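Okay, so here's the structure we're looking at.
Scope of the values below: all heavy atoms of this structure, side chains included, with no hydrogens, waters or symmetry mates. On a predicted model such as this, the values are computed, not experimentally measured, just so you know. Read the numbers this way: they start at 1 and go in the same order the structure lists the ligands and their atoms.
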Amino acid sequence: MNVDSIINGVVIDHIAAGKGLVIYNHLGLKDLDCTVALIQNVISEKMGKKDIIKIDAAIDFDMQVLGYIDPSATVNIIRDGNIIEKKTLTLPETLTNVVYCKNPRCITQTEQELDHVFKLTDAENRVYRCMYCEAKAE
Ligand code: ZN
């Protein structure tokens with residue numbers, strides 16, 4: 001595969017070095033049928049080193065997960081070999097079923113059907129707390 005020649009797909013660029021694999025796992029990219037390239041420790045003038053993920057299919061994925069893991073990443077949507085859209089990420093205000101509450105006394109432990117919802121309570125330090133019991137996301 002020539003990783004530079006995505007015709008229709010998604011390129012996640014400017015990923016902090018080391019976060020590429022985390023994103024790969026969280027987005028479940030190993031389950032895709034299409035070609036997926038995880039390129040680690042690419043030399044970047046701006047960032048020193050960065051990771052890049054190239055997905056050779058026009059998939060939809062969870063931008064809140066991506067924003068949570070690495071808000072500095074950029075998402076390029078490729079159609080017919082051209083970038084048609086560049087998306088920048090932000091820290092999501094709310095995370096739904098992205099991280100799970102581990103507090104044994106939290107209502108989510110007994111009420112299995114409840115969504116695990118975390119709210120951003122401190123953007124500077126990227127702190128999320130459980131909506132139900134206020135336990136910190138790990
Ligand atoms: Zn909780």
Applying side-chain contact (heavy atoms from CB on, under 4.5 Å) to N41 and D51, what does each step give before you reach the verdict? CA-CA 5 Å; N41 298 321; D51 292 352; 4.3 Å; yes
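Atom CD of E124 has 12 or fewer neighbouring heavy atoms from other residues, nucleotides or ligands inside a 6.0 Å radius. Remark: E138 CD is loosely packed, at most 12 non-hydrogen atoms of other residues, nucleotides or ligands lying under 6.0 Å away.
Aromatic ring centroids of Y68 and F118 lie 6.0 Å or more apart.
A distance-only check finds a donor-acceptor pair linking the side chain of D70 to the backbone of S72 [under 3.5 Å].
Partners of K19 by salt bridge (charged side-chain N to carboxylate O under 4.0 Å, His left out), not counting sequence neighbours: none found.
Excluding water, every protein N/O/S atom under 2.8 Å from the Zn ion (ligand 1) is given here by residue and atom: C101 SG, C106 SG, C130 SG, C133 SG.
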